[in-house]
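Take a look at the structure set out below.
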Protein chains: 2
Amino acid sequence: MDVPAPRHLNARKRPRQARSAVTVDAIFEATIQVLLAEGVHRLTTTRVAERAGVSVGTMYQYFPHKQALLYALNERYLDRLADRIEAVCLSHHGRPTAAMVAALIEAYWDAKTERSDVTRVLYSSAVELDNEALIEAFAHRMDKATAAMLATAPNAAYANLDLVNATLLSVIFGTVRNVFERNLPAKAQAAIRKQLVAMCLTYLEGAGG
Amino acid sequence: MDVPAPRHLNARKRPRQARSAVTVDAIFEATIQVLLAEGVHRLTTTRVAERAGVSVGTMYQYFPHKQALLYALNERYLDRLADRIEAVCLSHHGRPTAAMVAALIEAYWDAKTERSDVTRVLYSSAVELDNEALIEAFAHRMDKATAAMLATAPNAAYANLDLVNATLLSVIFGTVRNVFERNLPAKAQAAIRKQLVAMCLTYLEGAGG
DNA sequence: CCAAAACACGAATGATCCTTCATATATTCT
DNA sequence: AGAATATATGAAGGATCATTCGTGTTTTGG
């Protein structure tokens, strides 16, 4: 995200040497591990440090407090996710609308599902975190990526691309999350996913695509 | 919900006298107030009791621990929500599909939005809570209510009502949550909501409704 | 009206946790 | 090499919290 974090969530210092970059990454990974193994309410600075193989003090060199760590972790996650979706969108410029929709849904769905346990704990770690800026930045990147893609569809003539695009994203992202949280069996998930693709495609066609 | 809570989340005792029923309700309301005013991470048993005008000890007469309180709170919320939606569905039996969809989306959307701050804190209070059973029970009630409604639509002939119904609910519930979490301006929310209604209607018509 | 049951109280206990800081080691630069 | 900077350590301080339990009060049923 190219949006500045709330000041109070900024890192204390940026890693300058190679070893500290390694440390910071280990801390991120350790955070996820602890979240997976113990849950948010047992996510302790000490536990994270221990799992990362460093001392608490070291953690506090890079994150002024626990919240900043969680903020940075979510930032990293959303950045990577946005990268993936953007790449898929770019690779589908000029393709038929049907291919676009299918690819978009597949990419997002897979990204969320392939490590559903991680997705879950990241959601939980974001609660009680002032991450509106993060979410908005992510949404904005997605908006731009998909709008640009849709605009290149052959025979596309959307009356109001922005609204259609926003609706499409809310529906896709929302549905994935809902299915995900209900923890439906894989078969049911796949069936709904297929329906979702068809539904979105029909919607776009009706809207001028 | 008619599903038994996980044993460890059961209330210690049920209120028998009138005054204790008042107490329990005050505790629920106080919990919401504290959540609104301070957030999950400052939700303490003492604070809740204080706000409810009772002592901590009293709280522990009805809830064996904090988690049980939050569990019961979410149970109460989902029960009421399900009641509302069920009533709307019932009142639309036999109506045209278009009216059904519009009413369903309106009912759910309004229920979630009219006190969006409460909705938000309830979501946050459910994190790190073993509430799968609750969610599943809610989903099941909704499934039955909407499926029964859709089956009464004039000219309805769904090839696979169950899948269509499940998709519809995931899409609606998911989209509402997504729009809700992004905290879009009211105008944008209304626009998307309208699109969602149209989208769902087209979907149902294509599926045999 | 009285005993039993239900309800209410809240200080004390024991545990967990975030964060700091004085100190020590490693790396870079000149 | 030596100074300056970056990185790492972890014990200790200070604060918050969930939960218990001995005790007091109110209601109910006979």
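Numbers restart at 1 for each chain; the letters A, B, ... are given by sequence-line order, proteins then strands.
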Quick one: do A:R84 and A:E106 make a salt bridge, cutoff under 4.0 Å?
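Here A:R84 does not pair with A:E106 in a salt bridge, since their nearest N and O are not under 4.0 Å apart.
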Identify whether the distance between the nearest side-chain nitrogen and carboxylate oxygen of B:R115 and B:D117 falls below 4.0 Å.
yes
Decide yes or no on side chain to side chain contact (heavy atoms under 4.5 Å, CB included) for A:D130 and A:Y71, but give the supporting numbers first.
CA-CA 8 Å; A:D130 182 16; A:Y71 188 91; 5.8 Å; no
DNA chain C nearest-nucleotide lookup for B:V54 and A:R19: closer to the 5′ end is B:V54
Rounded to whole angstroms, how far apart are [atom1] on [X] and [atom2] on [N]?
{"X": "A:H65", "N": "D:dG14", "atom1": "NE2", "atom2": "P", "answer": "22 Å"}
{"X": "B:L70", "N": "D:dA18", "atom1": "CG", "atom2": "P", "answer": "10 Å"}
{"X": "A:Y60", "N": "D:dG13", "atom1": "OH", "atom2": "P", "answer": "18 Å"}
{"X": "B:H41", "N": "C:dC18", "atom1": "NE2", "atom2": "P", "answer": "13 Å"}
{"X": "A:M59", "N": "C:dC17", "atom1": "CE", "atom2": "P", "answer": "14 Å"}
{"X": "B:E50", "N": "C:dG10", "atom1": "CD", "atom2": "P", "answer": "11 Å"}
{"X": "A:I27", "N": "C:dC18", "atom1": "CD1", "atom2": "C1'", "answer": "15 Å"}
{"X": "B:E128", "N": "D:dA18", "atom1": "CD", "atom2": "C1'", "answer": "15 Å"}

Between B:L43 and A:S20, name the one whose nearest nucleotide on DNA chain D is closer to the 5' end.
A:S20
Return whichever of A:G53 or B:K66 has its heavy-atom-nearest nucleotide of DNA chain D closer to the 5' end.
A:G53
Is there a side-chain polar atom (N or O) of [X] under 4.0 Å from OP1 or OP2 of [N]?
{"X": "A:R42", "N": "C:dT16", "result": "no"}
{"X": "A:S55", "N": "D:dT9", "result": "yes"}
{"X": "A:T46", "N": "C:dC17", "result": "no"}
{"X": "B:R16", "N": "D:dT27", "result": "no"}
{"X": "B:T45", "N": "D:dC17", "result": "no"}

Can B:R182 be said to sit on top of A:F173's aromatic six-ring, NZ or CZ under 6.0 Å from centre and within 45° of the ring axis?
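Relative to the ring axis of A:F173, which defines the angle, B:R182 lies outside at least one limit.
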Side-chain donor/acceptor of B:Q17 to base of C:dA6, under 3.5 Å:
no
What's the separation between atom CD1 in A:I27 and atom OG1 in A:T58, rounded to the nearest 0.5 Å?
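Output value for this atom pair is 7.0 Å.
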Any base atoms under 4.0 Å from A:T58, or only sugar-phosphate, or nothing? Heavy atoms, all strands.
base
Counting any heavy atom closer than 4.0 Å, what does B:V56 reach on the DNA or RNA strands: base, sugar-phosphate only, or nothing?
base
